[in-house]
> 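Below you will find the structure I want to go over with you.
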Amino acid sequence: MKREFPKSFQPHDCEGKWYDEWQKNKIYATDGNKGSEHYSILMPPPNVTGILHFGHVLNQTLQDIYIRRNRMLGKDVCWFPGMDHAGIATQSKVEAALKEEGLTRYDLGREKFVERVWEWKEKYGGIILKQLAKLGISCDWDKTLFTMDESASNAIQEVFIQLFDEGLIYKGKRIINWSPLSQTALSDEEVEFREVSEELYTLRYYFENSDEYLMVSTVRTETIFGDVAVAVNPNDERFKDKIGMNVIVPIVGRVVPIIADEHADPEFGTGCVKITPAHDPNDFLVGQRHNLEIINTINHDATMNSNAGEYAGLDRFEARKAVTAKLRELDMLEKAEAYVHNVGFSQRGGEPVEPYLSSQWFVSMQPLAADAIRVVKEGQVRFHPAHWVKTYEHWMTGIRDWCISRQLWWGHRIPVYYTEDGTQFTAARNSTEACKKMNLPEGTKLNQDPDVLDTWFSSWLWPLTTMHWKHDGITESTPDLEAFHPTDLLVTAPDIIFFWVARMIMASVKFHHEIPFKDVYFTSTIRDGQGRKLSKSLGNSPDPLNIIEKYGTDATRFTMIYLAPLGQDIKMEVDVIKQDVPSVEIGRNFANKVWNSGRFLLMKLDEAMGENDIDINKIIDLTDAELTASDKWIRSKFNTTIDALNKSLDDFKVTEYARILYDFIWSDFCAWYVEIVKVQFAQNESADYRLSLMKFAIDIYEGILLMLHPVMPFITEEIWHILCVKNQEESISLERSPESNPAYRDSAIETNFELLQLIVEEVRRLRASMQIQPSKKLPVTIASADEKIIAFLNEQVNSLAYFMKSDKIEITSSTEKPEGALASVIREISIFLDADGAIDIPAEKARLEKEIGRLEGNISGCERKLSNEKFVQNASAEIVQNEREKLESMRNSLAQVKENLSNLK
RNA sequence: GGGCGUGUAGCUCAGUUGGUCUAGAGCACCUGCCUUACAAGCAGGGGGUCAGGGGUUCGACUCCCUUCUCGCCCACCA
């Protein structure tokens, strides 16, 4: 029965089919008892609100490559998928939906609102995971964890209580980053600074009962309502005598002291700075040092409060305009100048954050950092590329406390209980336990803290919660933890090194006394043709699903890997309107090449079988004596390539892996070996030989499929089932490792074959230079003084003839040039192409003269080197020897070329 | 201000501990081909003082110093 092998590869026909088959047979599932060696990866959980982007394609493909490879190596492999509840993002989405109905979350109340969010999650939350599955990733979906799942919640609660009891979580009244849009506190990491052009206003602060004034500069005129002092530097001679005097805040009329504080920089502005402790982190510290009153003038939504008098209710920016106008009117404004400075923006909401004084929960990070720095320094956790270690250490060394409370409803509620008067509180699993901890009578009414935890407070426990650590609040160890923690590899974008990577290291070391992962691979940032980051807001990001639809999953995966050098950005031309990424053609064309070479092998196999239906596995292998040098050459190359591929993956040089595969398959296998198979097949009509030859070629090709499978899982699976498996029931998947056999490595044959390639290429060049018709067959003479080379070339004479389009080849030790032939010299081997009178004498003369010039240049360079005593003394013997041989060979070649020139008449 | 990275053909990038590197590949370009799988293909070609300067060395794209370019991260100035 002949097998079907369509003319071109149709990705869509096989992708869904194989993915279903893999998942149905649960070949990616494990209970941790499948083998002695384990390998695991944690999937960075996408946001429940997320949609697929190119970052995912790259990131997931990288993980899948390592997962598949290690499974193929026979390890017990587990890839843990999951999804993040994404506090602010998700809550905003649901609030936006409510707004459509004319409602706010307060109309629903907390409980109803959270129910709504769960409903939303059930309805839309799975989209991103289904999209990820489209990438062909081989994870065990049954192990999917949602960060709001009960088992995760329990662990998170335990961690909070433990840190609270140890005094590492504390409540503090501080200036935090407030998001007026989301109306919640943010951590420092959630704020990004951007350069903004604003105006710097210089105001007059008059002394009491005087016409004299101090000049004070500020951008934020609206904050003068919170002014409680003016600070000057204690060493600033200009103001030394003013310290202790009072000035009057414009408009407000408040009398405030002039204080001395290092915070005031004499070099900046007027040297005087107004102190507003409620609205600036530095001013807050100054206020603490000088025991100043704190006057808050801004509401949660960034409108002015009653302390702003007639400006109350105005938005902060409108208030700034109004106050500035008023100052101008009162002649209190000395000047206004253009000013560029950095302003913090909410990463999520995009609005300027407000430095805001409020009570929040903090984690004391310094005590957690020490061990986490150590495990990286010691190389227990390795970063790729390694230069991230410096960034990591720098941040960890100066680490600041982490604000973890969020004024949201969607998230893990803070497990802290307060007495009704608010004077006593503790962290506990429930109010009963809280009563006990506070020595209160059981049943005392307590209130739980209304706030929830920062989403990243669940993310930092991801290595533990995915494996159900303390899923019930108690259990320290689980089968997954036993088998798969620490995980082997984390693949993630470098922009979350602080948000996530560093914190996971701290958490696993602190709570489980183990590192969370051994290697961290930081992925490339994907940019468009102009070098801009692909992003939704820029509108320069095509939907990967459209690209997959157009080119296929394998092609998309391969292209991303092929283009993504470790530690450097990828630049990729994108066309959002056409929804196209043209460079994915690389992968598409490559897939086509792979497909067609497989198709060719099957055609030839079928031809060899004739009417018979033979099990490929029952075909007799060619003996070593029956193999030609070319067969041995491809076998040797194949084994060299496997080793190179393994090394590239071990070194996390994934792009190199893709390039080695590409070059080996395209050049070595397709361009050379497949052509040779055609010749060998044609020249030997024995059916047995032909079958055995095809089996040999298909065996090599099967190895190629195995090597390619981690990056192109679908096409390889499809071809393997068509070409390599007789009985479809035997195996669901090709997954197993190609083995390299050092015995098949043969450097002598590789060198000889390289020579054959050079000769072929030279003849092609000669033909092209004389514009000889491609179909025209011409006699070729190859002359060498080396008998071994003659023997090798003689064995390959049919292949040579085919490659060189020659109808007559003479391989000889005599260097006599045939009449009227084009002549060339490659490594002392003379090549004569009988151009049958089509020879252009002046052109040929010019070509030979150019060659002579080149050789003479090289020879004199070589001679100069060798006559340099220091070179001969210092360079290694091998280098010097090489140089001598090179010189000798070039001299011989030069002589031959000169002879060819003199014969040219 | 501090740290990290980058600069090689028109474009995107390779280039292993300095020595066949007078520097490679893909795309684009030019010439010619429907040659027994593949025109999503095949054969050939042009194109680069390896950002600039200095140094170490017998020898530098590769190591050191320095200037410049572009990019990223951290800190932050009222």
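A note on names: the letters A, B, ... follow the listed sequences, proteins ahead of strands, and every chain is numbered from 1.
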> How far, in whole Å, is B:A28 from B:U36 if one measures between their P atoms?
25 Å

> In whole Å, what separates the P atom of B:C61 from that of B:C68?
24 Å

> Rounding to the closest angstrom, what is the interatomic distance between B:G71 and B:C76 at atom P?
23 Å

> Could you tell me whether A:D283 contacts a base, only the sugar-phosphate backbone, or nothing, with contacts defined as non-hydrogen atoms closer than 4.0 Å?
nothing

> Does A:W666 have its ring centroid less than 6.0 Å away from the ring centroid of A:Y662?
yes

> Separation of A:N798 atom CG from B:U36 atom P, in whole Å?
18 Å

> Is any side-chain nitrogen or oxygen of A:H394 closer than 4.0 Å to OP1 or OP2 of B:G2?
no

> Just N and O in the side chain of A:N874: are any of them under 4.0 Å from OP1 or OP2 of B:C58?
yes

> Say we look at B:C21 and B:C29: how far apart would their C1' atoms be, to the nearest angstrom?
25 Å

> Measuring only the P atom in each nucleotide, how far is B:U56 from B:C73? A whole number of Å is fine.
39 Å

> Between B:A78, B:G44, B:C73, which nucleotide has the shortest distance from any of its atoms to the side chain of A:F268?
B:A78

> Touch check for A:E869, heavy atoms < 4.0 angstrom, all strands: base, sugar-phosphate only, or nothing?
nothing

> Which nucleotide in the set B:G44, B:G71, B:C38 lies at the smallest distance from any side-chain heavy atom of A:R527?
B:G71

> Name the pairing partner of B:C42, where a pair is Watson-Crick or G-U wobble with both distances under 3.5 Å, or state none.
B:G32

> Atom OH of A:Y339 to atom P of B:C76: distance rounded to whole Å?
14 Å

> Please confirm whether the backbone N or O of A:K533 pairs with a side-chain atom of A:N540, one donor and one acceptor, at under 3.5 Å?
yes

> Classify A:R400 by what it touches in the nucleic acid, base, sugar-phosphate, or nothing, heavy-atom distance under 4.0 Å.
sugar-phosphate

> Atom NZ of A:K571 to atom C1' of B:G7: distance rounded to whole Å?
11 Å

> Categorize A:R588 for me: base, sugar-phosphate, or nothing, with a 4.0 angstrom heavy-atom threshold over every strand shown.
base

> Can you tell me the Watson-Crick or wobble partner of B:C27, both distances under 3.5 angstrom?
B:G10

> So, does A:N282 get its side chain near the phosphate of B:C77, meaning an N or O under 4.0 Å from OP1 or OP2?
yes

> Is the phosphate of B:C42, meaning OP1 or OP2, less than 4.0 Å from a side-chain N or O of A:W666?
yes

> Report yes or no: is the cationic atom of A:R503 (NZ for Lys, CZ for Arg) closer than 6.0 Å to the six-membered ring centre of A:F498, at no more than 45° off its axis?
no

> Starting the side chain at C-beta, find the nucleotide from B:A75, B:A37, B:A78 nearest to A:V219.
B:A78

> Nearest to the A:S217 side chain among B:G5, B:A37, B:A78, which nucleotide is it?
B:A78

> Can you find a side chain N or O atom of A:K678 that sits less than 4.0 Å from OP1 or OP2 on B:U36?
no

> Using side-chain heavy atoms (C-beta onward) and a distance below 4.5 Å, is A:F239 in contact with A:L214?
yes

> Can you measure A:K593 atom NZ to B:G26 atom P for me and round it to whole angstrom units?
12 Å

> In whole angstroms, how far is the P atom of B:C76 from the CG atom of A:L285?
11 Å

> Please give the nucleotide sitting opposite B:A37 as a Watson-Crick or G-U wobble pair, both distances under 3.5 Å, or none.
none

> Separation of A:I715 atom CD1 from B:A40 atom C1', in whole Å?
12 Å

> Using purine N1 to pyrimidine N3 plus N6-O4 or O6-N4 for Watson-Crick, or N1-O2 and O6-N3 for G-U wobble, both under 3.5 Å, which nucleotide pairs with B:G19?
B:C58

> Can you tell which of B:G44, B:C76, B:G71 lies closest to the side chain of A:R765?
B:G44

> Is A:K604 side chain donor-acceptor paired with the B:A37 base, going by distance under 3.5 Å alone?
no

> Taking any heavy-atom pair under 4.0 Å as a contact, classify A:G271: base, sugar-phosphate, or nothing.
base

> Closer than 4.0 angstrom, basic N to acidic O: yes or no for A:E222 and A:R316?
no

> Is A:R400 positioned over the aromatic face of A:W395, cation under 6.0 angstrom from the ring centre and no more than 45 degrees off axis?
no

> Taking 4.0 Å as the cut-off, does a side-chain nitrogen or oxygen of A:N589 come that near to OP1 or OP2 on B:G41?
yes

> Can you tell me which nucleotide in B:A78, B:G32, B:A75 comes closest to the side chain of A:N342?
B:A75

> Looking only at the side chain of A:N592 (C-beta and beyond, no hydrogens), which of the listed nucleotides B:A37, B:C38, B:A78 gets closest?
B:C38

> Using whole Å, what does the distance between atom P of nucleotide B:A43 and atom CD of A:Q757 come to?
12 Å

> Report yes if some heavy atom in the side chain of A:V343 is under 4.5 Å from a heavy atom in the side chain of A:E198; otherwise report no.
yes

> Report yes if some heavy atom in the side chain of A:S187 is under 4.5 Å from a heavy atom in the side chain of A:N177; otherwise report no.
no

> Whether A:K274 engages the ring of A:Y205 as a cation-pi pair (distance to the six-membered ring centre under 6.0 angstrom, angle to the ring normal within 45°) should be assessed.
no

> Considering only B:G44, B:A37, B:A78, which nucleotide approaches the side chain of A:A768 most closely?
B:G44

> For the P atoms, the ones on B:C11 and on B:G48, what distance do you get once it is rounded to whole angstrom?
13 Å

> Within this structure, what is the CG-to-P distance between A:D569 and B:C13, rounded to whole angstrom?
9 Å

> Quick one: sort the A:F669 and A:F664 rings into parallel, tilted or perpendicular, breaks at 30° and 60°.
tilted

> Which value, in whole Å, describes the distance between the C1' atoms of nucleotides B:C50 and B:A9?
10 Å

> In residues 652-663 of chain A, which ones come under 4.0 Å of RNA chain B, going by heavy atoms?
A:R659

> When we call it a touch if two heavy atoms are under 4.0 Å apart, what does A:Y802 touch: a base, just sugar-phosphate, or nothing?
base

> Whether A:R194 and A:E192 form a salt bridge (side-chain N of Lys/Arg under 4.0 Å from carboxylate O of Asp/Glu) is what I want to check.
yes

> For A:F681, answer base if it contacts any base atom (sugar-phosphate contacts may also be present), sugar-phosphate if it contacts only those atoms, and nothing otherwise; contact means non-hydrogen atoms under 4.0 Å.
nothing

> Does A:E675 or A:T218 map to a spot on RNA chain B nearer the 5' end, using the closest nucleotide for each?
A:E675

> Could you check which nucleotide pairs with B:G1 in any of the strands shown, counting Watson-Crick or G-U wobble with both distances under 3.5 Å?
B:C74

> Could you label the plane-to-plane angle of the A:F522 and A:F383 rings as parallel, tilted or perpendicular, counting under 30° as parallel and over 60° as perpendicular?
perpendicular

> Quick one: which of B:U35, B:C38, B:G19 gets closest to the side chain of A:K805?
B:U35

> Taking the side chain of A:S597 as heavy atoms from C-beta outward, which of B:C4, B:A37, B:C77 is closest to it?
B:A37

> Which whole number of Å gives the distance between the P atom of B:G53 and that of B:A60?
14 Å

